[in-house]
Visitor: 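Structure below; questions to follow.
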There are 2 protein chains.
Amino acid sequence: MKQNSNMPAFLSKLWTLVEDTHTNEFFTWSQNGQSFLVLDEQRFVKEILPKYFKHNNMASFVRQLNMYGFCKVLHIGSGIVKQERDGPVEFQHSYFKQGQDDLLENIKSKVSSSKPEENKICQEDLTKIISSAQKVQIKQETIESRLSELKSENGSLWKEVSEFIVMLLQNNQPVSLKRKRPLLLNTNGAQKKNLFQHIIVKSPRSGLYMYIFIKMMNYLF
Amino acid sequence: MKQNSNMPAFLSKLWTLVEDTHTNEFFTWSQNGQSFLVLDEQRFVKEILPKYFKHNNMASFVRQLNMYGFCKVLHIGSGIVKQERDGPVEFQHSYFKQGQDDLLENIKSKVSSSKPEENKICQEDLTKIISSAQKVQIKQETIESRLSELKSENGSLWKEVSEFIVMLLQNNQPVSLKRKRPLLLNTNGAQKKNLFQHIIVKSPRSGLYMYIFIKMMNYLF
DNA sequence: GGGAATATTCCC
DNA sequence: GGGAATATTCCC
């Protein structure tokens with residue numbers, strides 16, 4: 001095995017200790033070389049772990065195996081003796097095979113690849129979102145002031161129109177006399193009725209001022 | 001020393017081993033109890049470090065001290081013998097004083113306080129910003145459709161008013177005859193002139209249509 | 001099986 | 001002195 005500088009210590013240690021023929025009795029390759037076996041966990045923990053690592057906990061060893069993508073091989077109580085508690089433990093990784101140390105370099109740690117990228121993306125996205133939100137906010141202010149202008153102008157226009165009508169009615173002049181089409185045509189359609197047709201046809205004079213007043217209130221407040 | 005569950009193992013170990021009177025010969029409090037001394041680095045590394053930690057490197061011990069905010073005390077060659085290479089090493093922390101174990105809880109790791117919070121804030125803020133941006137976007141759509149409504153209605157009203165004026169002028173009726181005050185009073189003030197006074201006073205009839213046409217174009221497109 | 005805190009190593 | 005990778009522990 002060529003010890004590349006970018007090969008994690010855990011992997012080279014694992015390879016070394018599974019290759020070590022002195023411990024084949026309780027830690028060795030499986031028959032077909034596709035996985036490795038811990039045949040005696042007690043001896044493995046006491047005799048091997050402290051020799052290669054800074055601990056003697058099976059859990060920490062397994063945590064590292066999981067960190068590098070190894071999977072426990074399940075023995076579904078077939079022909080294996082004493083399965084209950086301290087039976088043999090088997091681990092497997094598609095790039096950890098007997099006689100194929102050239103595959104080892106494909107084994108990657110799960111933290112080294114994922115965590116840093118997420119943080120970088122988080123920072124970039126944060127910047128993008130903030131600047132985008134600021135632009136929307138600025139545009140919103142522009143729109144709101146434009147809206148306020150239009151609202152005010154609209155109120156004034158309604159007032160104008162109503163005063164025109166009042167003036168004409170006071171002069172006993174028929175409003176729609178010389179007109180070919182309705183006075184208020186909404187460009188976007190039917191939602192609002194034609195105010196003046198409505199007034200002239202249906203409203204008595206006493207109702208006219210109330211109608212105009214309500215209309216104005218809608219636009220001024 | 002009360003071993004709180006939130007006290008890092010490194011700090012309680014450090015306190016224990018500096019308090020240990022058996023090792024006062026080469027690892028102990030300074031005279032005034034404001035700092036601690038490594039009088040014999042060789043013995044400290046070989047006899048103490050592996051007993052309390054999972055290593056025997058002075059560098060790793062110092063790395064942890066720095067991680068928890070301890071500072072090396074500089075001896076600027078005053079009265080101290082053999083300063084050159086393996087002289088005594090002294091470390092100090094404002095919350096690590098002889099006889100004051102109650103201060104220990106104020107010592108914080110530099111990573112445990114800064115890194116996780118940044119990430120948590122990043123996540124929380126991300127959620128807040130996104131939901132806030134969505135609300136702004138929704139409101140913006142409401143405002144824009146309201147604006148579009150008003151714009152259209154405003155155009156229609158200008159059209160109405162202009163047609164009134166045209167009608168009145170065609171009937172040779174003086175527009176401002178019976179009025180006590182200007183026709184177009186903007187509620188928010190002076191920005192826009194009184195259109196009709198302007199027209200009546202200054203515009204010849206030929207200019208009136210052009211003026212109204214421009215006004216309408218502004219609101220319809 | 002894996003997230004996250006703490007520890008150790010490596011490196012500037 | 002401290003940033004960052006890897007290792008070990010603790011916990012769900």
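What you are looking at is a predicted structure, and each value in this text was computed from that prediction instead of being measured. Here is the naming used below: chain letters follow the sequence lines, and residue numbers restart at 1 for every chain.
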Visitor: Just jot down the side-chain contact (heavy atoms from CB on, under 4.5 Å) partners of Q137(B), sequence neighbours excluded, or say none.
Guide: E141(B)
Visitor: Nearest whole Å is fine: how far is dA5(D) C1' from K108(A) NZ?
Guide: 14 Å
Visitor: So, using salt bridge (charged side-chain N to carboxylate O under 4.0 Å, His left out) as the criterion, who are the partners of K72(B) when residues are at least two apart?
Guide: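 Once residues adjacent in sequence are excluded, K72(B) has no partner under the salt bridge (charged side-chain N to carboxylate O under 4.0 Å, His left out) criterion.
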Visitor: Can you find a pair of side-chain heavy atoms, one from N24(A) and one from T21(A), that are under 4.5 Å apart?
Guide: yes
Visitor: Just distance, no hydrogens or angles: give the donor-acceptor pairs under 3.5 Å from side chains in residues 49-65 of chain A, sequence neighbours left out.
Guide:
unit_1, atom_1, unit_2, atom_2, d
K54(A), NZ, K54(B), O, 3.0
H55(A), ND1, N57(A), N, 3.1
H55(A), ND1, N57(A), O, 3.4

Visitor: Tell me, for nucleotides 7-12 of chain C in 5' to 3' order, what letter each nucleotide earns: B for a base near a protein heavy atom under 4.0 Å, S for only sugar-phosphate near one, - for neither?
Guide: SBBB--
Visitor: Would you mind reading off the distance between F70(B) atom CZ and dG2(D) atom P, rounded to a whole angstrom?
Guide: 13 Å
Visitor: Scan the side chains in residues 92-100 of chain A for donor-acceptor partners under 3.5 Å anywhere in the protein, sequence neighbours excluded, and list what turns up.
Guide:
unit_1, atom_1, unit_2, atom_2, d
H93(A), ND1, Y95(A), N, 3.0
H93(A), NE2, Y68(A), O, 3.1
K97(A), NZ, Q34(A), OE1, 2.8

Visitor: In whole Å, I'd like the distance from the CG atom of L14(B) to the P atom of dT6(C).
Guide: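 The answer, rounded to whole Å, is 16 Å.
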Visitor: Can you sort out the partners of E25(B) under salt bridge (charged side-chain N to carboxylate O under 4.0 Å, His left out), two or more places apart, ordered by chain and number?
Guide: R43(B)
Visitor: In whole Å, what is the span from the NE2 atom of H93(B) to the P atom of dG1(D)?
Guide: 13 Å
